[in-house]
Amino acid sequence: MPVSAPSWLVAVPRPIPAYDFAPPHGYTGPLPLGCRVLVPWRGEPLVGVVVGTGNERQSHRLREALQLLDDPDMPWVAPATVQALGEWAASAALPLGLVWDDLLGVGWTPALSHRVRAVAGADLRAFAANAAPAAVPGPEWSDGSSYLPALLDAVREQGLLDEDFTPVQPTVSRVFASELGQGQLTPKQREAAEWLTEYPGQASLSSWARGAGVSGSVVAAVLGKGHAELREEPAPPPALTPGAASWTSEAPDALPAEGLRWRLNGGKFSARARALAPRIQSHLRAGRSVLVLAPEHATLDRAWAELSGLAAPCGTEAILLSGLLSPEARAHSWGQLRSGAARLVVGSYLALTAPLRDLALLLVLDEGSDAYKLPSGSRAWVPDVAQAIAAAHRAELGTAGVVPAVEIVQWPALELSMPRVRLHTVDYGAPPQQPELGPLSMPGQAQSSLGYPLSHDLRAVLRQVQERGRQAALLAPRRGYSALLRCPQCDYAPQCPNCDVPLRFHRSTHQLTCHQCGHHQPVPRSCDNCGEAMWQTKGPGTEWLAQEVSQLLPGTPVYRVDKDHQDDLTALHAGESGVVVGTGLMLAQPAPPELALVAVTLADTWLNVPDFRASERYHALLWELAEWHPARAPLLLVQTFQGSHPALEALRSGESVSAYPRQEWELRRALGYPPHACLAQVEVAARDRERAHSAADAVAAALYSAGATAQEVLGPAPAPIARVRGVYPYHLLLRARSPERLRELLDAVSSVRAGGRVRVDVSPRHLT
DNA sequence: AGCACGCCGACT
DNA sequence: GTCGGCGTGCTC
């Protein structure tokens, strides 16, 4: 008796667990871990990834996989990565398919040609039911797409279908001269035909016409008379982003040597790149691979510019991998890595699963950046996944950024020196009355003799900047005009119809926009509440601030940079005098060359956030501002109600970038926050408020009956925005002392049928 | 996630 | 009578 082949566990890009399939008919090779496989899914072929061996005991008959798409010797994803994703998904109690869907960005939709035929001797006409006999495959190969998928699947399930999926090579059509033409050509047409003989293989008729110097109708006529023909040719590989010029660092490797994790902080970006170079190059020279992750595109571009040149001197290539690439370019880059032709990847989170040969170093840039939180289904915290992947590959895990995250401040470190910060604080004094931070209750001129938004000191420095023809940057709390539209009569602010938040006013479009769901509408003629026709629209956004600066400095150009409004900064970057007002987004751009002043107009915006990481973010922001243009060392002016905040003190005293995170690390130990605890936020939502509430209570009850303590379960509480996109979310916060304990709690959550939509966010970034 | 099924209310 | 809202369940 032959031993039945073990089944395969296959992850498909759906928010469900991995499912079992029998190997394709006749397959006898080893378990193709990390290879893509076509499986029957609801009657149609679907690409999945083999992630393990299936359960031996199955209650139902397994379907056979249709076809293996990758050579088991060259899997689409490294087996160690497969293992890491499996472990991470389990630790977060997430269905494996959801995790794969989020983290594998390449290879789900290969172009395949599908051929089918009946197995020898089978007559499939019975399957046609009332359709025409031609609607079923015969004994000869024919195109699978010409049959109903459901019919093919019925035949397939009976084992009567031979089928074959072959990758389709992408082609382009090119124009060539042809001998087979008939009929006379006019002089113009002959001219065009002769030009084509000289320059064959034109990519389009218009390029031919342009090249030959004739109109499109002339070349069309030549083609029509058969003196030219279109031929399909294999498409050339897509152009990959060229790397920077080769360079090799002469400096010795000063990074921590012992252990598998380290951090590199302080210094300018380029200084950190120089410090990383020896380590990266020694791995590449040893024939191993290095993966560099960046949180967003500005950092990615800088990293590519600084690091891509390290590959060539080590006899390999660098590959840029991000969602901005075309699908073809992504697939081609993937191929370069899979074949081992390139061993240095600089990429976004999509590069996490890149098929690298012998990964030696996984480098996470700006490890604390909130941009690493994926907004999609898995809500993965990319550095968590990166740790799992590095561990599975037994690779070094390095991090590099200006300021270390509190979570990693105890790692072995190399810290580069920071420039001395020229800091000036405008202290508005007593903390503002907290509960209302509406734009109208902002620290206004009436409340402070210092002046807001432009304090006396800031005005003075701005005038100096103008007089000396220099440049200044002002960091605004919010984008747009960003005010609530308020009725001066009854103080009513128009609300979003889907969410429980007031709409925000954008002056440029003269629209009201919901910053939660994107709903927008024109400004109503009069107040919905009392009928008053006047609206007040003052608020602390970039637009208002820019207006104030323009009034203060007539004749000086004022630019705005935020998500909605992006002025052309060419003149500023050319060195012309001006002031730029922006949100944090502004820092993603290079600093203006003549920058003499960076001002934080209201630092408390970063502090008055109900999140235990608020002060950590504030501290990191201050150092990033200080590092933005280290050569010029502009004055950093901070307007705040908390002039003696320890984060500010850390800059003022010129301590190292890790001094404040160390302080926070101790504080969090006392409070039981990460890294001394593992957090997860559970969101329970329903269309009906009462149902959402009772569902949240049911989740809490399930947790307690599974042995959770009051220390471990906080809530449930209604979400800070009581209604979002038409549903009422409730939040529970889980706080466990270890990943294992968190997993126990999450398993209790996923086993309960609460009667509402339950979503889990492990390592949440924004707590409320 | 999709997609089908099935149950209730409002119409040509 | 049916059309269509959306709550529930399933996908090897």
Start and end of chain A contact along DNA chain B [non-hydrogen atoms, under 4.0 Å]: B:dA1 to B:dC3
Would you sort out whether A:Trp8 and A:Tyr27 count as a ring pair (Phe, Tyr, Trp, His ring centres under 6.0 Å), showing the intermediate values? CA-CA 12 Å; A:Trp8 295 351; A:Tyr27 181 86; 5.1 Å; yes
Partner set under salt bridge (Lys or Arg N to Asp or Glu O under 4.0 Å) for A:Arg379, not counting sequence neighbours: none
Test side chain to side chain contact (heavy atoms under 4.5 Å, CB included) applied to A:Glu157 - qualifying residues, sequence neighbours left out: A:Arg61, A:Arg63
Check this for me: A:His25, atom NE2, are more than 12 non-hydrogen atoms of other residues, nucleotides or ligands nearer than 6.0 Å? no
A:Ser145-A:His114 side chain donor-acceptor pair, cut-off 3.5 Å: no
Check for a donor-acceptor pair, side chain of A:Glu296 on one end and backbone N or O of A:Thr299 on the other, with a separation under 3.5 Å. yes
What residues, two or more places apart in sequence or in another chain, satisfy salt bridge (Lys or Arg N to Asp or Glu O under 4.0 Å) together with A:Arg757? A:Glu683
Polar contact flag, side-chain donor to acceptor under 3.5 angstrom, A:Asp562-A:Thr583: no
Protein and nucleotides 8-11 of chain C: nitrogen or oxygen contacts under 3.5 angstrom:
from, atom 1, to, atom 2, distance (Å)
C:dC10, O2, A:Arg42, NH2, 2.5
C:dT11, O2, A:Arg42, NE, 3.4

Residues in contact with DNA chain C, drawn from residues 154-165 of chain A - heavy-atom cutoff 4.0 Å: none
Hey, does the side chain of A:Asp70 reach the backbone of A:Arg36 with a donor-acceptor pair shorter than 3.5 angstrom? yes
So, the side chain of A:Arg743 versus the backbone of A:Ala90: is there a donor-acceptor pair under 3.5 Å, distance only? yes
